[in-house]
K.L.:
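What follows is a structure written as structure tokens; I'll ask about it next.
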Amino acid sequence: MRTLRTAVLTTVAAGLAVTALAQVPAAAAPAPAPAPPKFLSAGQLPASLTPWTAGPVRQGAPSEGSVCTAGIAPAAGTRHRDFRTELDTGARQTITVAATTARAEALAAELRSALETCLDRLKEQDPGLEGEAFYQGRVDIEEGAHVYSIDTSYPEVGSTDIGLYSVGRDGRAVTVVEWGQLGELDGAPLEGFKKTTRTAVAKLY
């Protein structure tokens with residue numbers, strides 16, 4: 001009789017345990033990490049005589065090139081992607097995700113200032129360099145993007161280069177798009193570059 005009673009009590013206790021577990025709400029699943037901002041594809045670059053080829057997305061700030069904005073974006077939270085054509089044309093997109101919106105806003109302002117003063121700094125470093133720099137206007141997308149052109153030449157050797165640059169922001173993400181080739185501003189796809197800039201900012205989030 002004692003054995004039967006023990007068995008019954010054990011069964012009841014087990015049932016109560018199962019019931020208690022069933023009443024405990026399951027722990028909430030951790031929220032998925034937000035997807036990183038998306039980069040431009042080769043087909044979203046300004047039209048070129050030969051197709052664009054997109055390189056891999058790399059972690060960190062570019063180690064070379066980007067002479068106007070080098071050293072401004074922090075390595076942490078930054079990625080970049082290079083593009084090229086079979087002609088003397090290249091491009092680059094850099095994306096930085098800042099810790100806060102305020103820091104992203106400050107970074108975008110610092111990058112814009114660097115582009116606005118870039119030609120003067122280049123001339124100080126190389127007195128033989130000549131050129132013109134222009135602010136090409138705002139692109140209305142998300143928190144806004146701003147486009148610049150820098151036309152440089154070396155009269156002694158007869159070479160000319162044109163570069164188009166933009167800085168855009170969406171929340172905590174800041175992107176810089178650079179485009180360059182041999183030639184002058186008259187031959188640069190300015191409207192196509194503005195369209196590329198709009199796409200770059202729209203793809204961030």
Side-chain angles (χ1 to χ4, degrees), residues 37 39-40 44-48 52 61-62 64-74 78 80-83 88-98 101-155 159-205:
F39 279 80
L40 292 164
Q44 293 168 327
L45 274 289
S48 178
W52 286 96
E64 58 184 14
S66 300
V67 294
C68 289
T69 57
I72 296 177
T78 297
H80 66 279
R81 186 179 207 180
D82 290 337
F83 304 84
D88 294 317
T89 306
R92 169 178 287 166
Q93 183 184 12
T94 304
I95 298 176
T96 302
V97 179
T101 299
R103 290 187 181 182
E105 187 176 359
L107 174 61
E110 189 174 358
L111 289 166
R112 288 188 60 194
S113 178
L115 289 173
E116 290 165 358
T117 60
C118 183
L119 181 59
D120 290 338
R121 289 183 282 116
L122 292 176
K123 286 181 176 180
E124 289 179 359
Q125 298 171 13
D126 189 346
L129 180 70
E130 295 183 1
E132 293 181 312
F134 298 98
Y135 174 60
Q136 297 292 350
R138 175 187 169 95
V139 176
D140 290 324
I141 179 71
E142 300 302 342
E143 274 71 55
H146 300 269
V147 178
Y148 303 83
S149 65
I150 301 177
D151 200 344
T152 58
S153 66
Y154 287 92
S159 66
T160 59
D161 296 275
I162 177 64
L164 300 177
Y165 308 85
S166 64
V167 177
R169 182 174 69 86
D170 181 1
R172 295 190 297 117
V174 178
T175 186
V176 176
V177 182
E178 306 168 72
W179 175 98
Q181 72 174 21
L182 298 176
E184 299 178 352
L185 181 59
D186 290 345
L190 181 57
E191 292 307 314
F193 183 77
K194 288 183 178 181
K195 181 179 179 181
T196 294
T197 294
R198 177 182 294 277
T199 302
V201 177
K203 290 186 71 172
L204 291 175
Y205 291 118

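The basis for the numbers below is simple: all heavy atoms, side chains too, and nothing from hydrogens, waters or symmetry mates. As the structure is a prediction and not an experimental result, all values here were calculated from the model.
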K.L.:
Does a side-chain heavy-atom distance below 4.5 Å link V97 with Y205?
P.N.:
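Contact flag for V97/Y205 side chains = yes.
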K.L.:
Set out, in order, the CA-CA distance, both residues' side-chain angles and the distance that settles side-chain contact (heavy atoms from CB on, under 4.5 Å) for L190 and V147, then state yes or no.
P.N.:
CA-CA 9 Å; L190 181 57; V147 178; 4.2 Å; yes
K.L.:
Measure across R92 and P62 and return the closest heavy-atom pair with its distance rounded to 0.1 Å.
P.N.:
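Looks like NH1-CB, 3.2 Å.
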K.L.:
Taking all atoms of both residues into account, what is the closest heavy-atom pair of A108 and V167, and its distance?
P.N.:
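Here A108 and V167 meet closest at O-CG1, 3.9 Å.
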K.L.:
Would you say that R198 contacts I141 through its side chain, given a criterion of any heavy-atom pair below 4.5 Å between the two side chains?
P.N.:
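Sidechains of I141 and R198: in contact.
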K.L.:
Heavy atoms, side chains only, cut-off 4.5 Å: are F193 and L45 in contact?
P.N.:
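The answer is no, as the side chains (C-beta and beyond) never meet within the 4.5 Å cut-off.
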K.L.:
Compute the ring centroids of Y135 and Y148, then answer whether they are less than 6.0 Å apart.
P.N.:
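Yes, the ring of Y135 comes within the 6.0 Å limit of the ring of Y148, centre to centre.
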K.L.:
Is there a side-chain contact (heavy atoms from CB on, under 4.5 Å) between I162 and W179? Walk through the geometry before answering.
P.N.:
CA-CA 8 Å; I162 177 64; W179 175 98; 4.0 Å; yes
K.L.:
Rounded at 0.5 Å granularity, tell me how far CD in Q181 sits from CG in L164.
P.N.:
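So the CD of Q181 and the CG of L164 are separated by 8.5 Å.
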K.L.:
Kindly check if the number of other-residue, nucleotide or ligand heavy atoms within 6.0 Å of CD (E116) is above 12?
P.N.:
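Yes, enclosed.
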K.L.:
Nearest 0.5 Å please: distance from the CZ atom of R138 over to the OG atom of S166.
P.N.:
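Answer rounded to 0.5 Å: 13.0 Å.
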K.L.:
Checking D151 side chain against L185 main chain: does a donor-acceptor pair fall under 3.5 Å?
P.N.:
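Yes; at least one donor-acceptor contact below 3.5 Å.
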K.L.:
Taking the side chain as every heavy atom from C-beta outward, state whether L40 and T199 have any pair of such atoms under 4.5 Å apart.
P.N.:
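In short, these two side chains touch, coming nearer than 4.5 Å.
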K.L.:
Which pair of heavy atoms, one from L119 and one from A133, lies closest together, and at what distance?
P.N.:
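Closest approach of L119 to A133: CD2-N, 3.7 Å.
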K.L.:
Measure across A70 and G65 and return the closest heavy-atom pair with its distance rounded to 0.1 Å.
P.N.:
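Looking at all heavy atoms of both residues, the shortest contact is CB-O, 4.3 Å.
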K.L.:
Locate the shortest heavy-atom distance separating E178 from S66; write the atom from each residue and the value.
P.N.:
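Result for this residue pair: OE2-OG, 2.7 Å.
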K.L.:
Any side-chain heavy atom of V174 within less than 4.5 Å of one from R169?
P.N.:
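Heavy-atom side-chain distance check passes, below 4.5 Å.
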K.L.:
Go through V139 and V201 one step at a time and tell me if the side-chain contact (heavy atoms from CB on, under 4.5 Å) criterion holds.
P.N.:
CA-CA 10 Å; V139 176; V201 177; over 6 Å; no
K.L.:
Can you tell me if R121 uses its side chain to pair, donor with acceptor, with the backbone of K123 under 3.5 Å?
P.N.:
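Judged by distance alone, no pair lies under 3.5 Å.
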K.L.:
Is T94 reaching over with its side chain to a backbone N or O of H80, donor-acceptor style, under 3.5 angstrom?
P.N.:
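Judged by distance alone, no pair lies under 3.5 Å.
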K.L.:
Would the distance check show the side chain of T196 and the main-chain N or O of G192 forming a donor-acceptor pair, the cut-off being under 3.5 Å?
P.N.:
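Checking the backbone N and O of G192 against the side chain of T196, a donor-acceptor pair under 3.5 Å is found.
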K.L.:
Is there a side-chain contact between I95 and F39 (heavy atoms, below 4.5 Å)?
P.N.:
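Side chain of I95 against side chain of F39, heavy atoms only: contact under 4.5 Å found.
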K.L.:
Are a donor atom and an acceptor atom from the side chains of T152 and E130 found within less than 3.5 Å of each other?
P.N.:
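Side-chain D/A pair, T152 to E130: absent.
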K.L.:
Counting only N and O atoms by type, is there a donor-acceptor contact under 3.5 Å from the side chain of E143 to the main-chain atoms of G168?
P.N.:
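A pair under 3.5 Å: no.
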K.L.:
Search all heavy atoms of A73 against all heavy atoms of L107 and return the closest pair with its distance.
P.N.:
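That closest heavy-atom pairing would be CA-CD1, 4.1 Å.
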K.L.:
Do Q93 and V176 come close enough that some side-chain heavy atom pair is under 4.5 Å?
P.N.:
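No - every pair of side-chain heavy atoms lies 4.5 Å or more apart.
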K.L.:
Evaluate side-chain hydrogen bond (donor to acceptor under 3.5 Å, both in side chains) for K195 paired with Q44, printing each intermediate quantity in order.
P.N.:
CA-CA 9 Å; K195 181 179 179 181; Q44 293 168 327; over 6 Å; no
K.L.:
Do the non-hydrogen side-chain atoms of I150 and C68 ever get within less than 4.5 Å of each other?
P.N.:
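Side chain of I150 against side chain of C68, heavy atoms only: contact under 4.5 Å found.
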K.L.:
Among D161, T160, D126, which one satisfies side-chain hydrogen bond (donor to acceptor under 3.5 Å, both in side chains) with Y154?
P.N.:
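Output: one option passes, namely D126.
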K.L.:
Is a donor from one side chain sitting under 3.5 angstrom from an acceptor on the other, for K194 and Q136?
P.N.:
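No, Q136 and K194 have no side-chain donor paired with an acceptor closer than 3.5 Å.
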